Amino acid sequence: MSLATPVLPTARLRLRPFTDADADSLFALHSSAYVMRYWDSPPWNERARSERFIAMCKKFADEGTGARVAIDRASDGAFVGWCSLTEWNPDYRSASLGYCLGDAMWGHGYATEAVHALLRWAFDTLDLNRVQAEADTRNVASARVLEKIGFVREGTLREDCVVNGDVSDTWVFGLIRREWQPSTMPH
């Protein structure tokens with residue numbers, strides 16, 4: 001099953017498929033120790049990682065197993081970051097949400113706006129019933145983004161990750177289709 005990766009415009013952003021031209025911006029994002037401090041993997045130290053990431057984005061779309069899209073600011077085309085729906089399960093009508101934005105883009109509502117657009121597509125076009133997301137328990141800002149959109153914190157995975165010797169817990173969030181309120185968010 002092939003499912004085209006969407007282009008989703010919002011009031012201030014444009015979500016679009018990744019291209020090879022995004023490799024440098026993607027590497028800058030994922031090589032930042034500050035941005036990656038709550039991730040379940042260390043910062044990238046080789047540019048080839050961004051090329052593999054982009055190849056995986058295309059594979060998700062070709063196989064119909066997910067969508068990972070670049071986020072650009074509409075006003076100037078600046079690369080903001082990315083968001084994704086992966087681990088699609090057509091039988092359960094579920095997927096996992098992920099996102100990563102550059103630290104200069106934090107605090108402007110871009111994550112909320114981008115994730116909202118992706119969720120609208122997930123529930124309206126893909127007919128998903130459940131979307132799950134995870135966040136390091138130290139990443140309170142990410143938890144706020146998820147809760148603002150309507151996700152419910154469902155539990156904690158204790159000592160779920162060990163990155164560079166640092167042990168951390170993970171919150172699990174879920175959003176059910178019947179609880180999704182698209183009219184309360186910007187489009």
Side-chain angles (χ1 to χ4, degrees), residues 3-19 21-30 32 34-40 50 53-54 56-58 60-61 65-88 94-128 130-136 139-153 171-177 179-187:
L3 185 59
T5 302
V7 174
L8 304 169
T10 72
R12 301 178 300 155
L13 304 171
R14 183 171 164 256
L15 285 64
R16 59 166 178 81
F18 272 97
T19 68
D22 294 314
D24 288 337
S25 296
L26 189 59
F27 180 68
L29 176 68
H30 278 268
S32 167
Y34 185 63
V35 170
M36 301 300 291
R37 72 190 184 281
Y38 298 130
W39 279 79
D40 58 359
S50 59
F53 182 100
I54 292 168
M56 184 58 70
C57 295
K58 293 173 184 173
F60 285 152
T65 57
R68 193 181 286 149
V69 293
I71 306 167
D72 294 332
R73 196 166 44 206
S75 63
D76 59 5
F79 180 80
V80 172
W82 60 265
C83 59
S84 67
L85 287 170
T86 57
E87 300 175 26
W88 285 347
S94 65
S96 292
L97 171 74
Y99 50 91
C100 184
L101 280 67
D103 59 318
M105 304 298 174
W106 297 349
H108 299 282
Y110 294 145
T112 303
E113 189 172 329
V115 167
H116 181 265
L118 196 61
L119 289 171
R120 179 182 294 277
W121 179 68
F123 290 124
D124 293 351
T125 303
L126 301 179
D127 193 33
L128 294 185
R130 174 185 168 80
V131 177
Q132 181 169 307
E134 296 180 357
D136 186 297
N139 193 347
V140 176
S142 188
R144 266 197 314 269
V145 166
L146 294 169
E147 290 169 343
K148 189 183 331 179
I149 292 170
F151 279 81
V152 174
R153 190 181 316 168
W171 282 322
V172 177
F173 294 85
L175 180 60
I176 308 300
R177 178 188 193 93
E179 298 170 347
W180 166 241
Q181 298 177 11
S183 61
T184 61
M185 298 302 301
H187 335 6

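Count residues from 1 along the sequence. Computed from a prediction, not measured in an experiment: that's the story for all the values here.
For the atom pair OG1 of Thr112 and CD of Glu147, the computed distance is 11.5 Å after rounding to the nearest 0.5 Å. Taking CZ of Phe60 as the reference point, atom OG of Ser84 lies at 7.0 Å (rounded to 0.5 Å). Summarising the geometry, atom CG belonging to Leu175 is positioned 9.0 Å from atom CG belonging to Leu97; distances are rounded to the nearest 0.5 Å. The structure places CZ of Arg130 at 15.0 Å from CH2 of Trp180, a figure rounded to the nearest 0.5 Å. In this structure, CD on Glu113 lies 10.5 Å from CD1 on Ile149, to the nearest 0.5 angstrom. Summarising the geometry, atom CD1 belonging to Ile176 is positioned 7.5 Å from atom CZ belonging to Phe123; distances are rounded to the nearest 0.5 Å.
Under the rule for a salt bridge (Lys or Arg N to Asp or Glu O under 4.0 Å), the partners of Asp24 that lie at least two apart in sequence or sit in another chain are Arg47. The salt bridge (Lys or Arg N to Asp or Glu O under 4.0 Å) search around Arg177 returns Asp127, not counting sequence neighbours.
Counting heavy atoms from C-beta on, the side chains of Trp121 and Leu15 never come closer than 4.5 Å. By the 4.5 Å heavy-atom criterion applied to side chains, His30 and Ser50 are not counted as neighbours. Trp82 places a side-chain heavy atom less than 4.5 Å from the side chain of Leu26. Inter-residue side-chain proximity for Tyr110 and Ile71 is flagged as unmet; no heavy-atom pair is nearer than 4.5 Å.
Taking the centre of each ring, Trp171 and Phe151 stay at or above the 6.0 Å mark.
Across every non-hydrogen atom of Ala78 and Met105, the tightest pair is CB-CE, 4.3 Å. A pairwise comparison of heavy atoms in Phe79 and Ala70 identifies CE1-CB, 4.0 Å as the closest pair. Residues Val7 and Pro17 share a closest heavy-atom pair of CG2-CD, 3.6 Å. Taking both residues in full, the closest heavy atoms of Tyr99 and Trp39 are given as O-CZ2, 3.5 Å, listed atom of the first, atom of the second, then distance. Looking at every heavy atom in both residues, Ala95 comes nearest to Trp88 through CB-CD1, 3.1 Å. Taking every heavy atom of both residues into account, Ala117 and Leu8 meet most closely at O-CD1, 3.8 Å.
Taking the six-membered ring where the residue is Trp, Trp106 and Tyr34 present tilted rings, their angle falling between 30° and 60°.
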Task: Residue pair Ser94, Gln132: steps toward the side-chain contact (heavy atoms from CB on, under 4.5 Å) verdict - done: CA-CA 8 Å; Ser94 65; Gln132 181 169 307; over 6 Å; no

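Pairs passing the side-chain hydrogen bond (donor to acceptor under 3.5 Å, both in side chains) check and including a residue from residues 71-81, sequence neighbours excluded, read Arg16-Asp72, Arg73-Asp76.
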